[in-house]
Amino acid sequence: AQKITQTQPGMFVQEKEAVTLDCTYDTSDQSYGLFWYKQPSSGEMIFLIYQGSYDEQNATEGRYSLNFQKARKSANLVISASQLGDSAMYFCAMSARRDSGYSTLTFGKGTMLLVSP
Amino acid sequence: EAGVAQSPRYKIIEKRQSVAFWCNPISGHATLYWYQQILGQGPKLLIQFQNNGVVDDSQLPKDRFSAERLKGVDSTLKIQPAKLEDSAVYLCASTPGGYHEQYFGPGTRLTVT
């Protein structure tokens with residue numbers, strides 16, 4: 001079974017500073033994917049970044065980067081130069097193949113990020 | 001490209017009533033998911049469709065929840081009868097398949113009183 005752990009219920013950061021949101025995972029699968037999603041107060045889940053288990057380079061997407069440490073089973077999200085619009089819930093998720101042969105996502109409980117001026 | 005559409009956005013019902021949610025995925029996406037997100041938690045998968053076939057419904061409370069995806073496009077999720085603990089946001093998502101990211105709709109916020 002897959003499990004995602006996000007230990008930070010809430011994080012505070014000042015505008016323009018960098019922030020790291022922690023995520024650890026547990027799986028016995030060799031092939032899997034790691035995702036981060038943002039959920040603003042409007043409720044929609046917005047895809048941010050993806051890292052494949054066999055990718056050697058850490059994924060980056062604009063101000064978002066994923067610090068992937070496979071041996072430690074961690075996939076932390078780094079947001080550089082925080083903006084007020086980054087205030088939201090952030091979810092770490094893992095995709096792995098189920099018995100059905102299809103992949104599905106398992107989500108963590110999320111971290112609430114608040115960016116102050 | 002149009003995103004995942006869901007309706008209604010909000011629904012308030014009394015316990016023991018029935019309710020239905022509708023989802024239209026992104027065109028061409030074969031895989032469709034329904035998630036339940038209880039306040040303060042991450043989304044939990046209820047059911048996964050590949051085209052019009054169910055590939056995973058292990059976490060769907062089948063005594064009260066049902067879902068279908070006719071013709072492999074739109075999908076409907078039904079709750080009958082509703083309980084207080086069904087109050088949650090119901091999210092629909094779709095993906096081309098594999099490890100591609102899932103694209104989520106805006107969700108339906110259900111309140112059961």
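So that the names make sense, note that chain A is the first sequence line, chain B the second, and so on, each numbered from 1.
- Atom CH2 of W34(B) sits about 10.5 Å away from atom CD1 of I47(B), to the nearest 0.5 Å.
- Few gaps surround CG on L114(A); more than 12 heavy atoms of other groups in view lie less than 6.0 Å from it.
- Partners of K73(A) according to the salt bridge (charged side-chain N to carboxylate O under 4.0 Å, His left out) rule, which considers only residues two or more places apart in sequence or in another chain, are D26(A).
- Linking ILVMFWY residues whenever their side-chain heavy atoms come closer than 4.5 Å, directly or via other members, leaves W36(A) and V78(A) in distinct clusters.
- Only the backbone of S42(A) has a heavy atom closer than 4.5 Å to any heavy atom of chain B.
- For a residue to count as touching a neighbouring chain, one of its non-hydrogen atoms must lie under 4.5 Å from one of that chain's; by this rule Q37(B) touches chain A with the side chain only.
- Remark: K71(B) engages no residue in a salt bridge (charged side-chain N to carboxylate O under 4.0 Å, His left out) (not counting sequence neighbours).
- Under a 4.0 Å N-O distance rule, the pair D86(B)/R64(B) qualifies as a salt bridge.
- Shown here are the side-chain hydrogen bond (donor to acceptor under 3.5 Å, both in side chains) partners of Y37(A), two or more places apart in sequence or in another chain: there are none.
- Looking only at distances, a side-chain donor or acceptor of T111(A) sits under 3.5 Å from a matching main-chain atom of Q8(A).
- Put simply, of S58(B), G42(B), P43(B), A93(B), the one with the most heavy-atom pairs under 4.5 Å next to chain A is P43(B).
- Of the two parts of Q6(A), neither the backbone nor the side chain holds a non-hydrogen atom closer than 4.5 Å to a non-hydrogen atom of chain B.
- Along residues 104-112 of chain B, the residues that come nearer than 4.5 angstrom to chain A, judged on non-hydrogen atoms, are F104(B), G105(B), P106(B) in order of number.
- With a 4.5 angstrom heavy-atom cutoff, Q102(B) touches chain A via backbone and side-chain atoms both.
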